[in-house]
Chemist: 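Handing you a structure now.
Just so it is clear, the model here is predicted, and its values are computed rather than measured. Chain A is the first sequence line, chain B the second, and so forth, proteins listed ahead of strands; every chain is numbered from 1.
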Number of protein chains: 2
Amino acid sequence: MLDDRKAAILSAVVQEYISTAQPVGSSHIAAASGIGVSSATVRNEMAVLEQEGYLAQPHTSAGRIPTDKGYRFFVDHLATPRVSVDSAVTRQVGDFFAAAHGRLEEMLHQTSDLLTRLTNNAAVVVGPKAEASTIRGAQIVRLSATAATVVVVLGNGTVENEMIELDEAVTDLAINTASAHLASALAGSTLAAAQVASSGDESVDALCVAAVAAARGTAADDHVYVGGASTVAQAFDAVEVVRQVLHTLEQQFVVVSLVRDIVDRGMSVAIGIEHGVEPLSACSVVVAPVVVDGEHLGSVGVLGPTRMNYPQALATVDIVSERLGRRLGEG
Amino acid sequence: MLDDRKAAILSAVVQEYISTAQPVGSSHIAAASGIGVSSATVRNEMAVLEQEGYLAQPHTSAGRIPTDKGYRFFVDHLATPRVSVDSAVTRQVGDFFAAAHGRLEEMLHQTSDLLTRLTNNAAVVVGPKAEASTIRGAQIVRLSATAATVVVVLGNGTVENEMIELDEAVTDLAINTASAHLASALAGSTLAAAQVASSGDESVDALCVAAVAAARGTAADDHVYVGGASTVAQAFDAVEVVRQVLHTLEQQFVVVSLVRDIVDRGMSVAIGIEHGVEPLSACSVVVAPVVVDGEHLGSVGVLGPTRMNYPQALATVDIVSERLGRRLGEG
DNA sequence: GGTTAGCACTCGATATCCTTGACTGCCAAC
DNA sequence: GTTGGCAGTCAAGGATATCGAGTGCTAACC
């Protein structure tokens, strides 16, 4: 643990570096209000902070920049209380969700854009998995002689669909019977628990089984919306880093498991390599779960360089996740 | 029009520049097989080509690079016949579509990844609009006291859905009646032509009207899949250009209208500012329509720097669009 | 006439050197 | 423990020279 003065110095270095992206020297810190001490003393303290791994020096005659450990300490102990949300931001988020309507997918997509606008970072919104949502409707529709589609409407308004192949020439009657049977069997259940009792007719049962299997398959799919990828072009000056980060963001399952993993570990910030995704080791991720009625339905997060504005990101992600959860609760 | 030798020189410059991204000098061209002429002569010709606007010189003592006009001439008159598809590519595309199955959305998404892999450029796939597809099924499902969702299953296997708000407390019976009425009224029609005759019951009719309106709304939505955005990070060295291009690619409606516009004008390549989208003026777009049974259902395209490999891009986009069309034709 | 060799010239790129200035670390004095 | 002062370090920036790729022009050539 660091004494008060070291903490104050570390805090000042982090904040200065976040806003300038330049290594910060002892005299800047000494001049900064709040630390009534000469630059020489600051230097001594910084040397200790470097030894202990909180700061690093790009080269001898340069100032210090925070290490991942430094950011971690800042986030855990020094970041100004979360209350710090700008009231303008609160209003903006409020307005956004007040105006939001229509399809859930659309809203989640726009939420990621909102986060990008507010934080100027890439944003991720992971929507609720289908499996836990109650089923409101189900239907099987023939597409061709050998193909049909099963459609499931869920309580949160999302619609999942998947194709099924019809092995032999199934009659329209069988499809319609199966569709009705399916609808009544699944209504009120969830995709995870979906089960269909035998109807007595063999071909209808086969259809139902196939449909449930197909629907179950979609339940595991994640709904993820990544926005603001263009912001990473400015965040790093090494082209190769930009390429790697963008490429990683394109792989949605990586993003989802990254976010889910952080949330599951009860963390709200993953700094640098903490999240374990090597190509994103120059990035930090700030996340918050979206909770509705005590249930964790999804997550929102922002992704930016490790020198991102953590207090702002934390506050923004928090308020957005909270409002989004409230909005989802209303239906 | 250019004489044969000028054309050959222009072609050589374009090809060399495409592969090296460096200004190309007269001696390189003179050394290149096919032009049995000294560098001095090439210089004379290049001076003329520059005067006529086909080439440009970054600075006095540098080689020449093609202008947009130069690329245009190359594409129109010099690009090796389209036949040039690598047989390995043909096989790869064939394999891809042979293995493709499941949801149409999924397949289109993967198609954009395929194009990215094959050309190493950003790729765009614009899927069929819903409005022209025949309706196979329709349903209204209650979500809450004041909300319901209308689901429409289309012949191509896609499923459109939109929420409708229920003004007053509509009975379940009314919803079910309307749902059934809607299903029988819309089956076989298209979203564009969707119409519902009166059922006799006022509240049912109101529901049907709202449902059709909502469904119609979704019909105008475009389905667009953009992949390979990370490739643009390497394509340009100016960060600002990268940011602009990425930002533009994130605005899907811009991309759609860009691609649609080019296809509608009967073009297959838009070079530089030809497409009129200012932030993409450093990019070229190569597109091909996806045609099924003579009908233009969508488009595929790649987007890269103006110094992209046009023959390869043209060939790849052509074969992918053709195979995709064939695949969609099979259902 | 078109083609070519040759030459002077241009100018970005690269290298070298120097200066500057923003740092640090250390030490002696407070 | 704190501080002022000073020597040392090193990247960044500027000036200068060199290099070399490439040009345009001209005179000779076929």
Chemist: Could you pull out all residues at least two apart from A:Thr306 that satisfy side chain to side chain donor-acceptor pair (under 3.5 Å)?
Modeler: none

Chemist: Taking CD1 from A:Ile65 and P from C:dC23, how many angstroms apart are they, rounded to a whole number?
Modeler: 14 Å

Chemist: From CD1 of A:Ile9 over to C1' of D:dT2, roughly how many Å is that when rounded to an integer?
Modeler: 12 Å

Chemist: Please determine whether side chain to side chain contact (heavy atoms under 4.5 Å, CB included) holds for the pair A:Val13 and A:Phe74, giving the CA-CA distance in whole Å, both sets of side-chain angles, and the decisive distance to 0.1 Å.
Modeler: CA-CA 10 Å; A:Val13 171; A:Phe74 176 80; over 6 Å; no

Chemist: Between protein and nucleotides 18-24 of chain D, map the contacts as a letter string: B base, S sugar-phosphate only, - none, heavy atoms under 4.0 Å, written 5' to 3'.
Modeler: ---BSBB

Chemist: Check nucleotides 12-14 of chain D against the protein and report each pair of N or O atoms closer than 3.5 Å, with its distance, or say if there are none.
Modeler:
none

Chemist: Counting only heavy atoms not in A:Asp4 (residues, nucleotides, ligands), do more than 12 fall under 6.0 Å from its CG?
Modeler: no

Chemist: Rounding to an integer number of Å, can you tell me how far A:Leu55 CG sits from C:dC23 P?
Modeler: 14 Å

Chemist: For the backbone of A:Glu52 and the side chain of A:Lys69, can you confirm whether one donor and one acceptor N or O come within less than 3.5 Å of each other?
Modeler: yes

Chemist: Would you call the rings of A:Tyr17 and A:Tyr71 parallel, tilted or perpendicular if under 30° counts as parallel and over 60° as perpendicular?
Modeler: tilted

Chemist: Check whether any side-chain N or O of B:Ser38 sits under 4.0 Å from OP1 or OP2 of C:dT3, and answer yes or no.
Modeler: no

Chemist: Is it the case that the side chain of B:Arg72 and the backbone of B:Val269 share a donor-acceptor pair, with hydrogens and angles ignored and the cut-off at 3.5 Å?
Modeler: yes

Chemist: Distance check needed: C:dT24 C1' versus A:Glu45 CD, whole Å only.
Modeler: 15 Å

Chemist: Sub-3.5 Å donor-acceptor pair from the side chain of B:Ser257 to the main-chain atoms of B:Phe253, do we have one?
Modeler: yes

Chemist: Is the side chain of B:Gln251 donor-acceptor paired with the backbone N or O of B:Val254 at a distance under 3.5 Å, no angle test?
Modeler: no

